[in-house]
Protein chains: 2
Amino acid sequence: MPANRRPVDREAKREEIVRAAAAQFLEVGFDETSMARLSAAAGVTTNTVYWYFEDKDALLVAVLDQLLADALLQREQVADRPWTEQVLWAVDRLERMRRLVAVVHARAATSPAVGAWHERFHALADDLLADGFRDAGAAEEDLAARTRVGVFVLEGLLTHPQPEQERRAVVELLTAGLHR
Amino acid sequence: MPANRRPVDREAKREEIVRAAAAQFLEVGFDETSMARLSAAAGVTTNTVYWYFEDKDALLVAVLDQLLADALLQREQVADRPWTEQVLWAVDRLERMRRLVAVVHARAATSPAVGAWHERFHALADDLLADGFRDAGAAEEDLAARTRVGVFVLEGLLTHPQPEQERRAVVELLTAGLHR
DNA sequence: GGCGCTCTTGAACGTCATGCAAGAGAAGGT
DNA sequence: ACCTTCTCTTGCATGACGTTCAAGAGCGCC
């Protein structure tokens, strides 16, 4: 039990660093953002960052968690739209994170922390998509395959940006034959 | 015009380096393979590698070109199998390059050379898949969307390994309703 | 035999992620 | 009021990396 505690800060400062890191990672790129630059953007020294985060990968995971939480929160507001529209909304919403998708895939092979996050993310994505397809009237027998295709297409649309029209065509092909 | 030339070597040595690099990139990973380690594996010094290749990204592109050429060559031998089997064969064949897919996506954003290769690759993949789907009897109107989904699923299956059975289920969903 | 080219090498540079040891500042116990 | 203890911050160092520079070595051609 802590015999001591700084006013409040702790959580607040951590979040501040995460926010600064997120901005840098999204705009500049993960590999391209040095810990020095990142720390400067957050208004602290590099060592301070290392006080709050084990290493750069841990910071990446924190950023991913925050971005994902934001997205999930916003999702509630479109939960009643038709399934096709929900998927298109997700693509649009997640596109800002485009650069991070490739980074996660690359680091997941090396960093256990990022690897674990990647698995958690796919479990969540699988659940959400399976629910959506089920509600939209997909046959139970090919639900698993359809879900997996859905996830792959989602990732593909994120990492290989397409014009609005193509995007819609692709998603509509995915939901073809469903009653909603 | 060259007033001079070493016996044969030139092309041979270049290829030797590419082969060594390919082995390292596939087994160890691109980020994890240092130029020093790579050069040692090829039996030369790092500077020698820099004589043949502009930088690490150029070497990556050379490796990708070689791997792709190999795969295309082998493909001819399965060109007469049913379309579904061809796609499954491609997934199986390309799986060795799994780690490189993420690397290409990550570096494409930064390195113009890798970016260009990535675009070339997708143009080729689009062509091959479109031809395949057309031959398999896909409707001309949703050929483009189907092709794009195909590419995304292919990349997805590469980067997120699935058990044989799941893989087949996914690919069969893609080719559902086609007469071959 | 010397010029010029291709190729190779040794040593260096700048940047990066990260580690270490020392300190600042505020509770809490006495 | 002092001193310990804990959280947090900092300056400096380290080792690895990608890449560059300047100097050669060996061969073909005049």
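From a predicted model like this one, the values you see are computed outputs, not experimental measurements. Chain letters run A, B, ... following the sequence lines, proteins first, then strands; residues in each count from 1.
Partners of A:Q24 according to the side-chain hydrogen bond (donor to acceptor under 3.5 Å, both in side chains) rule, which considers only residues two or more places apart in sequence or in another chain, are A:R37. Partners of A:S34 under the side-chain hydrogen bond (donor to acceptor under 3.5 Å, both in side chains) rule, at least two apart in sequence or in another chain, do not exist in this structure. A:D127 is linked by a salt bridge (Lys or Arg N to Asp or Glu O under 4.0 Å) to nothing, counting only residues two or more places apart in sequence or in another chain. Legend: residues meeting salt bridge (Lys or Arg N to Asp or Glu O under 4.0 Å) with B:E76, ordered by chain and number and at least two apart, are absent.
Note: CE (A:M35) to P (C:dT18) measures 6 Å, nearest angstrom. In this structure, B:R37 places its CZ atom 14 Å from C1' of D:dC17, rounding to the nearest Å. Distance A:W51 CH2 to C:dG23 P: 17 Å, rounded to the nearest Å. Remark: C1' of D:dC12 and OH of A:Y50 are 15 Å apart, rounded to the nearest angstrom.
For DNA chain D, no neighbouring residue in residues 16-34 of chain A is found when judged by any heavy atom under 4.0 Å. Only A:T45, A:N47, A:T48, listed by number, bring a heavy atom of residues 39-48 of chain A to less than 4.0 angstrom from any atom of DNA chain D. Shown for residues 52-66 of chain B: residues whose heavy atoms fall under 4.0 angstrom of DNA chain D, namely B:D55, B:K56.
In the hydrophobic clustering, A:V78 connects to A:W89, either directly or through intervening members, whenever side-chain heavy atoms lie under 4.5 Å apart.
Identified under the salt bridge (Lys or Arg N to Asp or Glu O under 4.0 Å) test for residues 18-31 of chain A, with sequence neighbours left out: A:E15-A:R19. Residue pairs meeting the salt bridge (Lys or Arg N to Asp or Glu O under 4.0 Å) criterion with at least one partner in residues 49-64 of chain B, sequence neighbours excluded, are B:D57-B:R107. For residues 126-170 of chain A, the ring pair (Phe, Tyr, Trp, His ring centres under 6.0 Å) pairs, not counting sequence neighbours, are A:W83-A:F133, A:F152-B:H160, A:H160-B:H105, A:H160-B:H118, A:H160-B:H122, A:H160-B:F152. Counting only residues at least two apart or on different chains, no ring pair (Phe, Tyr, Trp, His ring centres under 6.0 Å) pair has a member in residues 59-81 of chain B.
Within the structure, a side-chain polar atom (N or O) of B:K13 is placed less than 4.0 Å from OP1 or OP2 of C:dT8.
Contact check for A:R168 versus A:V171: no side-chain heavy atoms found under the 4.5 Å cut-off.
A side-chain donor-acceptor contact under 3.5 Å links B:T110 and A:E32.
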